[in-house]
**Student:** 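Handing you this structure, nothing more for now.
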Amino acid sequence: MAGHSHSANIAHRKGTVDAKRGKLFSKLCRAIFVAARNGGGDPDMNLKLRYAIDKARSYSCPKDNIERSIKKGIGELDAESYEEITYEGYGPGGVAVMCEALTDNRNRTAGELRKIFEVCGGNLGATGCVNYLFTYKGLFVIEAKTVAEDRLMEVVLEAGADDLQRVDDYFEVTCDPKVFDTVRKALEDHKIATESAETSYIPSNSIDLDVENGKRMLKLRDSLDESDDIQNVYANDNIPEAAMA
C-alpha cells in the first residue's frame with residue numbers, strides 16, 4: 001500500500017459528484033437492485049444490500065430511488081436484467097486496473113471499455129491478468145484533524161481492524177470484510193466520523209506515475225466513471241500532486 005492514497009482518489013471522485021449526480025444515482029440504485037435481487041430485500045439479512053444502501057445514502061441518493069430499486073430487485077416492480085462482471089486491464093505506465101460492472105450487454109460493455117483504455121494509453125486485458133495484485137478489504141477513510149491517532153488505533157484494533165496508516169491529512173483503516181460492520185459500529189459508537197466507509201479492492205503495491213501518465217490515468221478514471229455500466233474502479237496508481245492539480 002506504500003505511496004497509494006485512497007483518500008486522494010476519494011477526494012477526486014467526490015469533487016466530480018455534483019456534475020454527474022444523475023448518473024451516479026443511477027449506478028448506486030443499480031447496485032441496490034442487484035443486491036436485492038440476489039440476496040433479498042431485507043438489509044438486516046443481506047449485507048451486500050446494506051452496504052449498497054449505505055453507500056447510496058452517503059451520496060444523498062433520494063429515499064424514493066432506494067426503495068424503488070429494492071422493489072425492482074425483489075420483483076414487486078418491473079426491471080431490466082443485469083449481470084455482474086469484473087474487467088481487468090492496464091492503464092498508463094503499467095498501472096493495474098480492475099473495473100466492476102453491471103451490464104445488460106457484456107459485448108457492448110467490453111467494446112466500450114477496450115476503446116476507453118486505448119484512448120487513455122492503456123489496454124483491456126484478460127480475466128485474471130491483474131486481480132492477484134489486489135486484496136478485498138474493508139476500508140475506512142477518516143480526516144486526521146477529527147481524532148487523535150492513538151485513540152483511533154485503540155478503537156479500530158480492538159474492533160478487529162488489520163491496519164491503520166496516516167496518508168497526508170487522512171487516516172486509512174483496513175480490515176477483513178467479515179469484521180467491516182464491527183469496525184464501523186465501533187467508530188459510530190465512539191462518534192468518529194468517516195469520510196468514506198466501504199469494502200474495496202486494495203492493491204498490494206503501487207506504481208509511481210510521472211505527471212503526464214498521471215494526467216492520462218485521471219482521464220482514464222473519469223472516462224470509466226462516465227460509463228453507465230461501470231460501478232467501481234480500482235487501480236494501483238500513485239498520481240503526483242501536480243497531475244491532480
Side-chain angles (χ1 to χ4, degrees), residues 4-31 33-34 52 55-56 59 80-134 136 139 196 198-245:
H4 182 82
S5 173
H6 304 286
S7 51
N9 291 333
I10 288 165
H12 175 73
R13 184 176 67 199
K14 289 199 170 185
T16 62
V17 164
D18 286 339
K20 304 174 181 177
R21 192 166 291 274
K23 180 168 288 190
L24 176 64
F25 287 168
S26 176
K27 291 186 178 188
L28 294 168
C29 288
R30 191 182 293 188
F33 158 71
V34 171
K55 185 172 183 179
Y59 285 99
E80 306 85 350
S81 177
Y82 296 105
E83 60 178 322
E84 299 173 272
I85 307 174
T86 299
Y87 295 93
E88 302 174 43
Y90 298 94
V95 168
V97 183
M98 289 177 57
C99 306
E100 290 182 328
L102 292 175
T103 178
D104 57 358
N105 186 327
R106 62 164 59 206
N107 291 331
R108 181 201 66 227
T109 302
E112 289 178 356
L113 293 191
R114 189 170 290 107
K115 184 175 181 180
I116 289 172
F117 271 86
E118 289 173 357
V119 167
C120 297
N123 62 280
L124 191 64
T127 300
C129 68
V130 300
N131 67 7
Y132 66 94
L133 296 170
F134 296 82
Y136 195 56
L139 172 66
S196 173
E198 60 188 4
T199 49
S200 177
Y201 283 96
I202 309 295
S204 55
N205 57 45
S206 60
I207 293 179
D208 294 330
L209 297 177
D210 58 25
V211 173
E212 285 307 310
N213 277 328
K215 289 178 180 177
R216 293 188 185 101
M217 189 62 208
L218 287 174
K219 181 181 177 183
L220 175 60
R221 282 184 172 276
D222 286 341
S223 298
L224 291 170
D225 283 341
E226 282 287 335
S227 170
D228 291 334
D229 297 334
I230 299 302
Q231 294 292 114
N232 297 297
V233 178
Y234 309 101
N236 67 342
D237 53 345
N238 186 26
I239 299 175
E241 288 293 331
M244 287 283 190

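Here the structure is a predicted model, which means the values were calculated and not measured.
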**Student:** Would you say that Val97 contacts Val130 through its side chain, given a criterion of any heavy-atom pair below 4.5 Å between the two side chains?
**Tutor:** no
**Student:** Is there side-chain contact between Asn232 and Lys55, with at least one heavy-atom pair below 4.5 Å?
**Tutor:** yes
**Student:** Test Lys23 against Asp225 for side chain to side chain contact (heavy atoms under 4.5 Å, CB included), laying out the working first.
**Tutor:** CA-CA 9 Å; Lys23 180 168 288 190; Asp225 283 341; over 6 Å; no
**Student:** Give the minimum heavy-atom separation between Pro203 and Ala235, together with the two atoms involved.
**Tutor:** CG-O, 4.0 Å
**Student:** What class does the angle between the rings of Tyr201 and Tyr136 fall in, given that below 30° is parallel, 30 to 60° is tilted and above 60° is perpendicular?
**Tutor:**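 Ring orientation of Tyr201 relative to Tyr136: tilted.
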**Student:** Return the OG to CD distance between Ser223 and Glu112, rounded to the nearest 0.5 Å.
**Tutor:**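 Separation between the atoms: 11.5 Å.
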**Student:** Report the distance from atom CZ of Phe134 to atom OH of Tyr234, rounding to the nearest 0.5 Å.
**Tutor:** 10.0 Å
**Student:** Does some side-chain heavy atom of Thr86 sit less than 4.5 Å from a side-chain heavy atom of Asn131?
**Tutor:**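 Result no, sub-4.5 Å side-chain heavy-atom pair not found.
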**Student:** Is a side-chain N or O of Gln231 found less than 3.5 angstrom from the main chain of Lys27, in a donor-acceptor match?
**Tutor:** yes
**Student:** So, do Ile116 and Glu226 sit near enough that their side-chain heavy atoms are less than 4.5 Å apart?
**Tutor:**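 They are not in contact (no side-chain heavy atoms under 4.5 Å apart), so the answer is no.
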**Student:** Locate the shortest heavy-atom distance separating Pro240 from Gly214; write the atom from each residue and the value.
**Tutor:**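 It is CD-CA, 4.5 Å.
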**Student:** How long is the straight-line distance from CZ of Arg30 back to CG of Asp228, given to the nearest 0.5 Å?
**Tutor:**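 It comes to 6.0 Å.
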**Student:** Given side chains that start at C-beta, do those of Leu224 and Leu113 come closer than 4.5 Å, heavy atoms only?
**Tutor:** yes
**Student:** Could you tell me which non-hydrogen atom of Tyr59 sits nearest to which non-hydrogen atom of Leu28, and how far apart they are?
**Tutor:** CB-CD1, 4.0 Å
**Student:** Please round to the nearest 0.5 Å and tell me the distance separating atom SG of Cys99 and atom CG of Leu220.
**Tutor:**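 Between atom SG of Cys99 and atom CG of Leu220 there are 7.0 Å.
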**Student:** To the nearest 0.5 Å, what is the distance between CG (Asn123) and OH (Tyr90)?
**Tutor:**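 Taking CG in Asn123 and OH in Tyr90, the distance rounds to 8.0 Å.
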**Student:** Do you know the tightest heavy-atom contact between Leu124 and Ala110?
**Tutor:** CD2-O, 3.8 Å
**Student:** Checking the side chain of Glu88 only, and the main-chain atoms of Gly125 only, is there a donor and an acceptor separated by less than 3.5 Å?
**Tutor:** no
**Student:** What are the two closest heavy atoms between Val211 and Ala242, and how far apart are they?
**Tutor:** CG2-CB, 3.8 Å
**Student:** Side chain to side chain contact (heavy atoms under 4.5 Å, CB included) between Arg221 and Asp237: does it pass, once the steps are laid out?
**Tutor:** CA-CA 11 Å; Arg221 282 184 172 276; Asp237 53 345; 3.1 Å; yes
**Student:** For Glu83, enumerate each residue passing the side chain to side chain contact (heavy atoms under 4.5 Å, CB included) test, keeping only those at least two apart in sequence or located in another chain.
**Tutor:** Ile85, Thr103, Arg106
**Student:** Please tell me if the side chains of Leu209 and Arg216 come closer than 4.5 Å, counting only heavy atoms from C-beta onward.
**Tutor:** no
**Student:** Looking at every non-hydrogen atom in both residues, tell me the closest pair between Ala101 and Ile230 and how far apart they are.
**Tutor:**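 In terms of heavy atoms, the two residues are closest at CB-CD1, 3.9 Å.
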**Student:** Measuring from atom CD1 of Ile239 to atom NZ of Lys215, what distance do you get when rounded to the nearest 0.5 angstrom?
**Tutor:**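 Result: 12.0 Å between the selected atoms.
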**Student:** Using the test ring-ring contact (aromatic ring centres under 6.0 Å, His included), find all partners of Tyr87 that sit at least two apart in sequence or belong to another chain.
**Tutor:**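 ring-ring contact (aromatic ring centres under 6.0 Å, His included) check on Tyr87 returns nothing, list empty.
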